[in-house]
Amino acid sequence: MNIAVADEGGTSSPRSYGQRMDWRIDISMKKAYTSSAFEIETKELAKYAQSGGQFFGVHASNDGKVMILLAAFH
């Protein structure tokens with residue numbers, strides 16, 4: 001399991017428990033940054049990021065730091 005916590009400035013601190021997979025750490029850090037930067041849960045932001053939504057294309061902003069992926073990986 002990978003967890004990242006972001007402060008108000010969007011700086012995230014990752015923690016990895018069990019099997020370490022760098023791509024999971026990357027996803028958790030980006031989701032933490034996104035939630036902090038937009039002050040909204042990523043699953044809520046995803047609703048507005050659909051085609052035609054006011055945040056459509058947001059995942060391509062902020063040098064790739066924005067992540068709205070909904071799926072959980074096991």
Side-chain angles (χ1 to χ4, degrees):
M1 174 174 35
N2 297 294
I3 300 170
V5 178
D7 63 19
E8 291 177 356
T11 302
S12 58
S13 302
R15 300 287 184 266
S16 184
Y17 302 95
Q19 185 178 10
R20 181 182 165 132
M21 295 183 175
D22 291 338
W23 59 270
R24 287 184 177 180
I25 293 170
D26 184 58
I27 289 172
S28 65
M29 289 178 64
K30 288 178 178 179
K31 285 186 64 116
Y33 169 82
T34 301
S35 185
S36 176
F38 289 90
E39 297 180 355
I40 189 172
E41 292 182 23
T42 54
K43 69 179 181 180
E44 287 297 312
L45 180 61
K47 294 177 185 177
Y48 303 109
Q50 301 301 312
S51 181
Q54 69 185 46
F55 288 109
F56 180 66
V58 70
H59 64 281
S61 68
N62 292 292
D63 295 322
K65 291 193 280 186
V66 173
M67 175 70 66
I68 55 172
L69 181 69
L70 294 175
F73 296 97
H74 299 280

Which residues pass the side chain to side chain donor-acceptor pair (under 3.5 Å) test with K47, not counting sequence neighbours? E44
Any donor-acceptor N/O pair, E39 side chain to S35 backbone, under 3.5 Å: no
Main-chain N/O of K30 paired to T34 side chain as donor or acceptor, under 3.5 Å: yes
Would you say that V58 contacts Y48 through its side chain, given a criterion of any heavy-atom pair below 4.5 Å between the two side chains? no
Sequence neighbours excluded, the answer for side chain to side chain contact (heavy atoms under 4.5 Å, CB included) partners of F56 is S51
Quick check: closest heavy atoms across K31 and T42, and the distance to 0.1 Å? NZ-OG1, 3.0 Å
